[in-house]
Number of protein chains: 2
Amino acid sequence: MASAMEPSRKERERLQHRQEILSAALQLFAEKGFHNVSMQEIATAAQFATGTLYNFFPSKEDLFFELLVATADAGLDLILPVLEGTDDERDKLSLFIRSHERFAREQAVALRLYLLESRGWCLPGPKVEAKKKEIDARVTSRLSNVIAAGIRKGLFNDIDPVVAAKCLSAVLESLILVAAEDPQVVDLPANLEKVEAVFFRGLVNSSGDKRDA
Amino acid sequence: MASAMEPSRKERERLQHRQEILSAALQLFAEKGFHNVSMQEIATAAQFATGTLYNFFPSKEDLFFELLVATADAGLDLILPVLEGTDDERDKLSLFIRSHERFAREQAVALRLYLLESRGWCLPGPKVEAKKKEIDARVTSRLSNVIAAGIRKGLFNDIDPVVAAKCLSAVLESLILVAAEDPQVVDLPANLEKVEAVFFRGLVNSSGDKRDA
DNA sequence: GGTTATTGTGAATATGGATTCATATTATGA
DNA sequence: TCATAATATGAATCCATATTCACAATAACC
């Protein structure tokens, strides 16, 4: 048996199979939603037998939850980092908004999974509920911190940062969701710019004076 | 048999029964979502036998669809009228935003039904899809017309009216949905005011000059 | 009261799909 | 090559629930 260092070929293969199942499931869930995809379907798509799925995941719901967590975390890792650093808060927000384009492009499928299920009401389970709230809290908190900092520096108008943060993320989510439905039709970058315009002419203090902190 | 004028008692009773079924179903669907409510449950709640439901509605999906249409239309009738008239566009938008409080209060249940299902992905059926788009189009079109008018009059900054409209409705939907989940915790009127602040400082031309059309 | 039409009933049926498990296949190590 | 363990298989099981339908209750009309 291999040491703990190097995963044996067998272990790697197992992981690989696991990934293949997850990947097939992701495609299907994102396209049709939890309730409209059967384990049969997933198995067929992943080129396994039905029973095999249960060697990897105790239930359909667990399989789904694992996907949800993975995709949500990956998404956040793509979006949240631009809010770090000590840059100008306007730049951060602008970057944040624009980063949703890459997000939508690179993770269209994962995104659909996350947004569609997290907004709707298809799943029971306190696990999902909890995860959803955790994600929401993470985004809102980072975003509102940035906005609050901007307000302190006099870059932004004095507006409730939490409400502003929620507004912004609601808008971005809805925009991205529409864009994910038919990417050809929607010009996401252009729309993101327009959203930025809407919010910035609201948030940015129009008289050019800065107090600076 | 009664004339076409006066619905007979029998007819009225039948309508009444129908309403009772619809009402029970609304409560349940709004609370648990389409897939997590059984016809048994609805029948029990409405104090009928399972089979009786099928004397009124050909299928579970039809029952649901009927509710969706009814509640959506009622909601729109509550919200859209404030956008009519020749008032000041700022007032109209302000009223529009504030009218969501009444909406949330008076139609909390219907609202949950509509928002939860329309955002998620629980239902198949092109009928539902179509209705959803129709509703969305109605709201966006009225709203963006008002914004465009405001822009022409110099009341608002020159921002893409359609995008602005979509932003606003996305924000209001999300706010209302959260408020519907636990009405005690969320101070909806206060939040609506804050949303108004966010949007208005963005939309309202901060230099006080009006061009007027 | 008896006859017929309408409406309600709920057990029985049908279906879809998640989960299980006895078996087959494949890998591992001697 | 054989014995054993690990995986994979997919038909069979089980369950939930939408839908049906033969029958019962009720109302309408004579």
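Below, chain A is the first sequence line, B the second, and so on; all start at residue 1. Predicted model only: the values in this text are computed from it and were never measured.
Figure legend: cation-pi geometry between A:R98 and A:F103 absent, as NZ or CZ is not positioned both under 6.0 Å from the six-membered ring centre and within 45° of its axis. B:F96 does not carry B:R142 over the face of its six-membered ring by the limits of under 6.0 Å from the centre and within 45° of the normal.
Side-chain atoms of A:R14 lie closest to D:dA8 of the nucleotides C:dG10, D:dA8, C:dT9. Minimum atom distance to the side chain of B:A49 is reached by C:dG10, of the listed C:dG10, C:dT19, D:dT7. Of the listed nucleotides (D:dT20, C:dA18, D:dA8), D:dT20 has the atom at the smallest distance from the side chain of B:Y54.
Within the 4.0 angstrom heavy-atom criterion, only backbone atoms of the sugar-phosphate kind lie near B:F56; the bases stay farther away. When heavy atoms are screened at a 4.0 angstrom cut-off, B:T50 is found touching base atoms of the nucleic acid. Across all strands shown, B:T52 has heavy atoms under 4.0 Å from base atoms, whether or not it also approaches the sugar-phosphate.
The CE atom of B:M39 sits 18 Å away from the P atom of C:dT15 (whole-angstrom rounding). Look at NE2 on A:H35: it is 12 Å from P on C:dG17, rounded to the nearest Å. If you take CD1 of A:I42 and P of D:dT9, they are 15 Å apart, rounded to a whole angstrom. Rounded to whole Å, atom C1' of C:dG10 lies 16 Å from atom CD of B:Q47. Summarising the geometry, the separation between CZ on A:F48 and C1' on C:dT26 is reported as 13 Å, rounded to the nearest angstrom. As a whole-Å value, the separation of B:Q40 CD from D:dA18 P is 8 Å.
A distance of 11.0 Å separates CG in B:L175 from CD in B:E101, rounded to the nearest 0.5 Å.
When each of A:Q19, A:E20, A:E13, A:R12 is tested with A:Q16 by the rule side chain to side chain donor-acceptor pair (under 3.5 Å), just one qualifies, namely A:E20.
Checking B:D62 against B:S59 by side-chain atom types alone, a donor-acceptor pair falls below 3.5 Å. Judged by distance alone, the side chains of A:Q107 and A:T71 never bring a donor and an acceptor atom under 3.5 Å apart.
At the phosphate of C:dT7, neither OP1 nor OP2 sits under 4.0 Å from any side-chain N or O atom of B:H17.
B:F34 and B:F29 have parallel rings, their planes meeting at less than 30° on a 0 to 90° scale where 60° marks the start of perpendicular.
DNA chain C forms stems at C:1-30 with D:1-30, each a run of 3 or more consecutive Watson-Crick or G-U wobble pairs whose two key distances fall under 3.5 Å.
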